[in-house]
There are 2 protein chains.
Amino acid sequence: MTQAGTGTPRERYRAQVRAEIKEHAREQIATAGASALSLNAIAKRMGMSGPALYRYFAGRDELITELVRDAYRSLADTFRAAAGSGADLAGLAHTMRSWALADPQRYFLVFGTPVPGYHAPADVTQIAAETMAVILDACAGPADEGGGPTAFEAHLDGHRQWAGGHPAPPAALHRALSFWTRLHGVLSLELAGHFAGMGFDPALLFAAELDDLTAH
Amino acid sequence: MTQAGTGTPRERYRAQVRAEIKEHAREQIATAGASALSLNAIAKRMGMSGPALYRYFAGRDELITELVRDAYRSLADTFRAAAGSGADLAGLAHTMRSWALADPQRYFLVFGTPVPGYHAPADVTQIAAETMAVILDACAGPADEGGGPTAFEAHLDGHRQWAGGHPAPPAALHRALSFWTRLHGVLSLELAGHFAGMGFDPALLFAAELDDLTAH
DNA sequence: GACCGCGGTGATAACCTCTCACTCAATCTT
DNA sequence: AAGATTGAGTGAGAGGTTATCACCGCGGTC
């Protein structure tokens with residue numbers, strides 16, 4: 001959060017009301033999912049009439065987009081903080097899992113089912129790139145084994161604009177991508193409840209995937 | 001599909017209209033997502049008035065549940081057919097990828113963001129178990145390497161009710177779970193468009209993950 | 001002290017799901 | 001064959017939603 005006490009009193013009030021609206025929206029999404037977010041319900045709970053909210057957000061879409069942006073930023077900040085505390089790849093994985101379990105709907109806001117027409121604004125892809133840079137840093141650490149790059153790693157080396165100029169070697173690019181997709185595979189199925197009646201402990205599956213990732 | 005020409009003319013008509021409603025719903029979901037499914041719009045496109053649809057489905061939820069059930073069944077049937085044609089683990093993986101790419105929204109109907117309150121009916125978890133059984137069959141094929149089961153595999157061996165009495169060895173249980181989560185990790189991110197601006201070919205990432213899975 | 005910007009309101013339009021009373025035709029029974 | 005019953009379809013309507021509009025009144029500004 002940037003300095004709370006900036007600007008004119010009007011601007012401060014406006015920022016405070018915007019934050020309060022977002023807070024109610026987060027609460028509502030956490031309990032009933034993003035599709036059940038209702039501007040009217042938020043307004044009523046804040047003691048205002050419905051149309052008043054349109055002074056603060058252009059519509060439902062803009063409010064949700066704002067929450068998505070916050071979720072991306074929260075993930076990026078959490079990752080950077082963990083990396084700043086000296087977390088290695090395993091540490092980042094556990095950071096990611098904790099972040100996901102703390103608020104599953106926030107995770108789905110970032111990685112969940114997309115709406116076909118929707119295109120994320122440019123700045124959230126930039127925030128996602130920040131997150132990826134942290135992962136790439138952690139992946140570049142361990143030394144590559146002897147063998148040359150595989151065919152896929154050569155392909156990644158030739159299409160590395162998504163790395164944003166990060167100087168990671170091809171094997172690290174591959175490792176970062178696997179890190180992302182494998183952890184997401186376990187986490188998304190766990191949060192979606194697909195492991196619910198199965199009996200085993202999702203945390204152990206997560207740990208096993210992580211082991212395979214770092215041991216390889 | 002069970003025999004189309006069964007029962008009284010009334011029942012045949014009813015089944016036909018139900019199928020037509022579901023067809024329009026699928027179309028609508030494929031282009032705008034499940035959250036944009038509108039009973040009124042379907043009714044209008046079929047030349048009926050809104051409330052007429054409630055003769056065929058108790059409400060929006062039941063229609064969506066029916067589509068989810070169909071999606072699960074389609075996946076299970078596709079898997080069984082592939083296994084019946086002698087597909088190994090790699091063949092099943094490509095079957096899964098083709099099935100997902102053919103209709104991304106259908107994939108999200110099964111593996112997408114869940115609605116917090118919603119609980120899937122018992123029969124879809126049964127269909128999911130059928131699918132898992134096919135995967136377990138394919139995983140039990142390759143002989144285990146020498147070493148004994150890891151700690152996680154011992155845990156899986158002690159909590160194997162999700163395997164439905166399948167006699168797969170502990171290593172196969174682990175392999176099946178990894179197969180599922182890793183492919184889902186790549187597929188869901190690809191279908192959600194998270195690889196869109198990155199430049200590399202998702203098919204190659206999928207193949208690389210599959211390679212690691214079968215080579216291990 | 002006059003003025004303008006902005007927050008908030010009620011009314012309204014256009015959707016949505018879903019219920020109800022009712023009509024009418026097809027089917028089944030006697 | 002005539003009557004009774006079942007079920008499909010309708011229009012009206014309740015209650016919810018997003019979103020726009022004209023209007024009111026207060027606070028900060030010139």
Side-chain angles (χ1 to χ4, degrees), chain A residues 4-68 105 109 115-118, chain B residues 4-29 31-68 109 115-118:
Chain A
T6 7
T8 71
R10 272 240 169 103
E11 281 170 343
R12 283 176 39 180
Y13 178 74
R14 181 176 180 81
Q16 182 182 333
V17 174
R18 262 182 83 102
E20 191 177 348
I21 292 172
K22 279 160 66 171
E23 193 49 48
H24 283 261
R26 263 188 285 271
E27 202 174 300
Q28 202 169 315
I29 284 183
T31 66
S35 61
L37 187 146
S38 157
L39 295 190
N40 263 334
I42 293 175
K44 254 169 206 164
R45 225 185 286 186
M46 289 179 65
M48 303 198 294
S49 233
L53 290 198
Y54 288 81
R55 296 282 175 197
Y56 298 93
F57 293 95
R60 213 183 92 110
D61 279 11
E62 189 184 294
L63 175 54
I64 290 187
T65 296
E66 190 74 15
L67 295 175
V68 169
Q105 290 298 324
L109 235 35
V115 177
Y118 181 77
Chain B
T6 9
T8 70
R10 270 228 169 111
E11 280 171 344
R12 283 176 40 182
Y13 177 75
R14 183 178 177 80
Q16 182 182 333
V17 175
R18 261 183 83 103
E20 191 177 346
I21 293 172
K22 278 159 66 172
E23 194 48 49
H24 283 261
R26 264 186 284 269
E27 203 175 296
Q28 203 169 314
I29 283 183
T31 66
S35 60
L37 186 144
S38 157
L39 295 189
N40 263 335
I42 293 175
K44 253 169 207 164
R45 225 186 286 183
M46 290 180 64
M48 305 197 295
S49 234
L53 289 198
Y54 288 81
R55 295 279 175 197
Y56 299 94
F57 293 95
R60 212 184 93 111
D61 279 10
E62 190 184 294
L63 176 55
I64 290 188
T65 296
E66 189 74 12
L67 295 175
V68 169
L109 235 34
V115 176
Y118 181 77

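A note on names: the letters A, B, ... follow the listed sequences, proteins ahead of strands, and every chain is numbered from 1.
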Asks: Based on the rotation axes of five pairs at each end, what angle does the helix from C:dG1-D:dC30 to C:dT30-D:dA1 bend through, to 10°?
Replies: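 The end axes of the helix from C:dG1-D:dC30 to C:dT30-D:dA1 are about 0° apart, to the nearest 10°.
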Asks: Measuring from the side chain of B:R10 (C-beta onward, heavy atoms only), which nucleotide among C:dC18, C:dA25, C:dG8 has the closest atom?
Replies: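 The nucleotide sitting nearest to the side chain is C:dA25.
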Asks: Quick one: does A:Q28's side chain have a donor or acceptor within less than 3.5 Å of a partner on A:A36's backbone?
Replies: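 Confirmed, A:Q28 side chain pairs with A:A36 backbone.
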Asks: Assign each of A:G59 and B:Y13 to its nearest nucleotide of DNA chain D by heavy atoms, then name whichever residue's nucleotide is nearer the 5' end.
Replies: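 Nearer the 5' end of the strand: B:Y13.
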Asks: Are any non-hydrogen side-chain atoms of B:L53 and B:L63 less than 4.5 angstrom apart?
Replies: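 The answer is no; the side chains never approach within 4.5 Å.
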Asks: Side chain of B:T8: nearest nucleotide among C:dT17, C:dC28, C:dG8?
Replies: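 Per side-chain heavy atoms of B:T8, the pick is C:dC28.
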Asks: Anything under 4.0 Å to a heavy atom of chain B counts; send over the first and last such nucleotide of DNA chain D, read 5' to 3'.
Replies: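 Listing 5' to 3', DNA chain D meets chain B from D:dT6 to D:dA12.
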Asks: Using only side-chain N and O atoms of A:Y56, determine if any of them is under 4.0 Å from OP1 or OP2 of C:dG8.
Replies: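 A:Y56 to C:dG8 OP1/OP2: side-chain N or O found under 4.0 Å.
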Asks: Could you state the CE-P distance from B:M48 to C:dT17, rounded to the nearest angstrom?
Replies: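 It is 13 Å, rounded to the nearest whole Å.
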Asks: Just wondering, do A:Y118 and A:D61 contact through their side chains at under 4.5 Å, heavy atoms?
Replies: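 Counting from C-beta outward, A:D61 and A:Y118 never come under 4.5 Å.
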Asks: To the nearest 0.5 Å, what is the distance between OG1 (B:T65) and CZ (B:F57)?
Replies: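 Between atom OG1 of B:T65 and atom CZ of B:F57 there are 10.5 Å.
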Asks: I need the B:Y56 OH to B:K22 NZ distance, nearest 0.5 Å.
Replies: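 It comes to 14.0 Å.
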Asks: Rounded to the nearest angstrom, tell me the gap between atom CG in B:L53 and atom P in C:dC16.
Replies: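 These atoms are roughly 12 Å apart.
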Asks: Between B:D61 and A:R14, who's closer to the 5' end of DNA chain C by nearest nucleotide?
Replies: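 Result of the comparison: A:R14.
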Asks: Under 4.0 Å between a side-chain N/O of A:S49 and OP1 or OP2 of C:dG8, yes or no?
Replies: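 Result: no.
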Asks: Can you check the B:I42 CD1 to C:dC15 P distance for me, whole Å?
Replies: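 It is 17 Å, rounded to the nearest whole Å.
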Asks: Hey, does the side chain of B:N40 come within less than 4.0 Å of C:dC15's phosphate (OP1/OP2), counting only N and O?
Replies: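 Result: no.
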Asks: At 4.0 Å (heavy atoms only), tell me whether B:F57 reaches a base, stays on the sugar-phosphate, or touches nothing.
Replies: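 No contact.
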Asks: Any chance you could measure B:R18, atom CZ, to B:Y13, atom OH, to the nearest 0.5 Å?
Replies: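 Answer for the CZ-OH pair, B:R18 versus B:Y13, is 14.0 Å.
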Asks: Once you apply a heavy-atom cut-off of 4.0 Å, does B:R60 come out as touching a base, just sugar-phosphate, or nothing?
Replies: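 Sugar-phosphate only.
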Asks: Can you measure A:R18 atom CZ to C:dG8 atom P for me and round it to whole angstrom units?
Replies: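 So the CZ-P distance, A:R18 to C:dG8, works out to 14 Å.
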Asks: Test salt bridge (Lys or Arg N to Asp or Glu O under 4.0 Å) on B:R26 and B:E23 and set out the steps.
Replies: CA-CA 5 Å; B:R26 264 186 284 269; B:E23 194 48 49; 3.4 Å; yes
Asks: Mind calculating the distance between CD1 (B:I21) and C1' (C:dT17) to the nearest angstrom?
Replies: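 The answer, rounded to whole Å, is 15 Å.
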Asks: Is there a side-chain contact between B:M48 and B:R55, using heavy atoms and a 4.5 Å cut-off?
Replies: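 With C-beta onward as the side chain, the pair stays apart.
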Asks: Side chain of B:P51 only, please: which of C:dA21, C:dT19, C:dT9 is the nearest?
Replies: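 Out of C:dA21, C:dT19, C:dT9, the nucleotide with an atom closest to B:P51's side chain is C:dT19.
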Asks: Quick check against the 3.5 Å criterion: does A:E62 have a side-chain atom that pairs as donor or acceptor with the backbone of A:G59?
Replies: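 Absent.
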Asks: In this structure, how many angstroms lie between the P atom of C:dT19 and the CG atom of B:L39, rounded?
Replies: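 One finds 11 Å between P of C:dT19 and CG of B:L39, rounded.
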Asks: Kindly give the heavy-atom pair with the smallest separation between A:G33 and B:P116, and that separation in Å.
Replies: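 In terms of heavy atoms, the two residues are closest at N-CG, 3.6 Å.
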Asks: Once you round it to whole Å, what is the distance between P of C:dG7 and CD of A:Q16?
Replies: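 Nearest whole value for this atom pair: 13 Å.
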